[in-house]
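What follows is a set of notes on a single structure, which appears directly below.
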Amino acid sequence: MKQMEHWLDGKHACGHGTRTGPVFDPATGRQTAAVPMGGPEDVNQAVRGARNAAYDWSRTSLTRRMAVLFRFRQLLEEGSNDLAQLVTAEHGKVLSDSAGEVARGLEVADFACGIAELLKAEHSLGVSTGVDAYSFRQPLGVVAGITPFNFPALVPLWMAPLAIACGNSFILKPSEKDPSASMWLAQCWTEAGLPDGVFQVVHGDKDAVDAILAHPGIDAVSFVGSTPVARSIQRQAVSMGKRVQALGGAKNHLVAMPDVDPDTVASALVNSAYGSCGERCMAVSVAVLIGDGAGQVVEAIRERAANLVVGPGNDPESDMGPLVTQAHRDRVASYLDTGVREGANLVLDGRRHAVRGDLGGFWLGPSLFDAVDPGMSIYQDEIFGPVLCVVRATTLMEAIKIINDNPYGNGAAVFTNDMASARQFEVEVEAGMVGVNVAIPVPMAFYGFGGWGSSIFSDHDIYGPDGVRFYTRSKKITSRPLAHRGSLNFPTNQ
Ligand code: NAD
């Protein structure tokens, strides 16, 4: 069994505490590693190193910073298979999905390579006689990222390349459930020539997070995870005077209009609801089916889902891997009884699905509920597993109202060939990321990722232009080439 360590000042560091947490291979249920649970002393050490490195890094020229970014991006691409395998080994998702995760992370690294263009500033010549005004953006100093288990490579890549390109030091507190990807990234940064201390990794759980939030040497916090934790982190960080962005959970809807062929809708729903075992923040977990053809769509989903191959993520035959832990698997499975008790129709029960693989794994096949009512807890709660709920509606406006009444607002999609319906949906729906005939509308790196409502607690999206604004602050200069006496009067323009 592997004994993991933190990554501080360019090397492994065993840390100050003795508490560790287990890391499992979800496909076998066996523990593969023990990860240290960091606390205030580890965070202190990380901040000390990060702060020492931040001054020089922030004054390193843009061209030198970009050279490191380009090397990092190159190493990431060359090592993407290795990184994908690490993700599958600890998260459980199938290898092709892990490869997709790394590819989307690479896009953010690509975007960050253009930092010189992104940081170009404004200059106004002659705002008063002989006076110029201009502004530029400077890094914050030391920023921290706290990331969830479901994208152990991608979410750190949403944050670190941009934070670092902007000239900050970055402290990552990855999920304790699948921490190896973050260590791979740390080594990649070092190999790319990033100075020691600019990218630090402190492992742990709530104790490490609390130490990050309390530390006065950390200027900003980027968080991605569940809504209750996001809400609490936003409040604590603000009370400590930190800049914060906190992205939370989701309940994503896909509305299918009757003009789309049932097989197309069913296929899109199966892929987006059960891919990565439903452990994606943009997974569709509610289908809103409009019109008399809804029964046909439900039957087509059932048939496709029943034929999915559930097995180890590193088996190329598998469509779906295991869930991340036994506790999470049991929590998701418990919603199947809850839904039946609440009166929904359990059309497909994932507990009965055949599994190819070690019986000790954290398995649950795809499940499908029909006749779900928005009052039920299977509709209201984020289940975060392979459970799709079908709600029936009669009109597009009714479907949009159902979505808008839901507190989450991460993603929403409509499937239709009617442009008027598509336009009505994209204008009226209350969600931050909208797909038209695209079930999982994760925005490109140059747009930025962020939901609405209880899916986000900040006014900055993660990555994209908002990411650059989040990791920098603006300075406004008023400049006169020749020293001037001035007067007691309030300065006015002439
Ligand atoms: P989580 O909230 O349990 O954990 C996220 C991070 O917070 C981890 O690093 C964890 O160690 C830490 N943490 C957990 N409990 C804490 C507490 N009480 N106090 C302080 N820190 C704590 O989330 P998860 O289970 O790892 O990830 C799944 C969740 O993340 C889902 O809700 C999913 O929707 C969400 N998610 C959202 C997005 C998005 O962009 N909106 C993206 C990915 C995942």
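For ligands, and for the atoms within them, numbers begin at 1 and follow the listed sequence. Keep in mind the model is a prediction, meaning the values are calculated, not measured.
Between K173 and ligand 1, at least one pair of N/O atoms sits closer than 3.5 Å. Annotation: F149 places an N or O atom under 3.5 Å from an N or O atom of ligand 1; distance criterion only. Taking only nitrogen or oxygen atoms, main chain and side chain alike, K206 does not reach within less than 3.5 Å of ligand 1.
Checked for salt-bridge contact, D337 and R341 miss the test: no charged N lies under 4.0 Å from a carboxylate O. We find that D219 and K242 are not joined by a salt bridge, their nearest charged nitrogen and carboxylate oxygen being 4.0 Å or further apart. Taking a cutoff of 4.0 Å between a charged side-chain nitrogen and a carboxylate oxygen, K173 and D42 do not qualify as a salt bridge. Between D97 and R280 a salt bridge is recorded (basic side-chain N to carboxylate O distance below 4.0 Å). For K93 and E101, the salt-bridge test passes: some basic side-chain N is under 4.0 Å from an acidic carboxylate O.
For atom 4 (O) of ligand 1, no protein heavy-atom neighbour is found at a distance under 4.0 Å.
For ligand 1 and N150, the ligand atoms under 4.0 Å from any heavy atom of the residue are 43 (C), 44 (C). Every atom of ligand 1 is numbered from 1 in the order shown, and the set under 4.0 Å from a heavy atom of F223 is 2 (O), 5 (C), 6 (C), 7 (O). Of all atoms in ligand 1, numbered sequentially from 1 with element shown, those under 4.0 Å from a heavy atom of F449 are 39 (C), 40 (O). Close contacts between ligand 1 and E176 involve ligand atoms 10 (C), 11 (O) [criterion: under 4.0 Å to a heavy atom]. Within ligand 1, counting atoms from 1 as listed, the ones closer than 4.0 Å to a heavy atom of I146 are 6 (C), 7 (O), 9 (O). Short contacts between ligand 1 and W158, defined as distances under 4.0 Å to a heavy atom of the residue, involve ligand atoms 40 (O).
Shortest contact from atom 15 (N) of ligand 1 to any protein heavy atom: V229 CG2, 3.7 Å. For atom 35 (C) of ligand 1, the closest non-hydrogen atom of the protein is G225 O, 3.1 Å. Remark: minimum distance from atom 8 (C) of ligand 1 to any protein heavy atom is reached at T147 O, 3.2 Å. In terms of protein heavy-atom proximity, atom 28 (C) of ligand 1 is closest to F384 CE2, 3.6 Å. Of all protein heavy atoms, the one lying nearest to atom 42 (C) of ligand 1 is C281 SG, 3.0 Å. Scanning all protein heavy atoms for the shortest distance to atom 1 (P) of ligand 1 gives S226 OG, 3.7 Å. Nearest non-hydrogen protein atom to atom 21 (N) of ligand 1 is V209 CG2, 3.4 Å. Protein heavy atom in closest approach to atom 27 (O) of ligand 1: P148 CB, 3.2 Å.
Neither the backbone nor the side chain of E279 has a heavy atom within less than 4.0 Å of ligand 1. Contact annotation: for E382 versus ligand 1, heavy atoms closer than 4.0 Å belong to the side chain alone.
Note: W189 and F199 have tilted aromatic rings, judged against thresholds of 30 and 60 degrees for the angle between ring planes.
Not a single salt bridge (Lys or Arg N to Asp or Glu O under 4.0 Å) links D9 to another residue, sequence neighbours left out.
Heavy atoms of G248 approach ligand 1 to within less than 4.0 angstrom.
For F149 and H91, the ring centers sit closer than 6.0 Å to each other.
Within the structure, side chain to side chain donor-acceptor pair (under 3.5 Å) contacts touching residues 444-461 (residues at least two apart or in different chains) do not occur.
Among the candidates F470, W158, F111, the single residue satisfying the ring-ring contact (aromatic ring centres under 6.0 Å, His included) test with Y463 is W158.
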Begin from the C-alpha positions of Y335 and D381 and carry the test side chain to side chain donor-acceptor pair (under 3.5 Å) through to its verdict. CA-CA 9 Å; Y335 276 100; D381 298 354; 2.7 Å; yes

Full working for side chain to side chain contact (heavy atoms under 4.5 Å, CB included) between R104 and V442: CA-CA 9 Å; R104 292 306 302 258; V442 174; 3.9 Å; yes

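For the residue pair Q85/N81, the side-chain donor-acceptor check at 3.5 Å is not satisfied.
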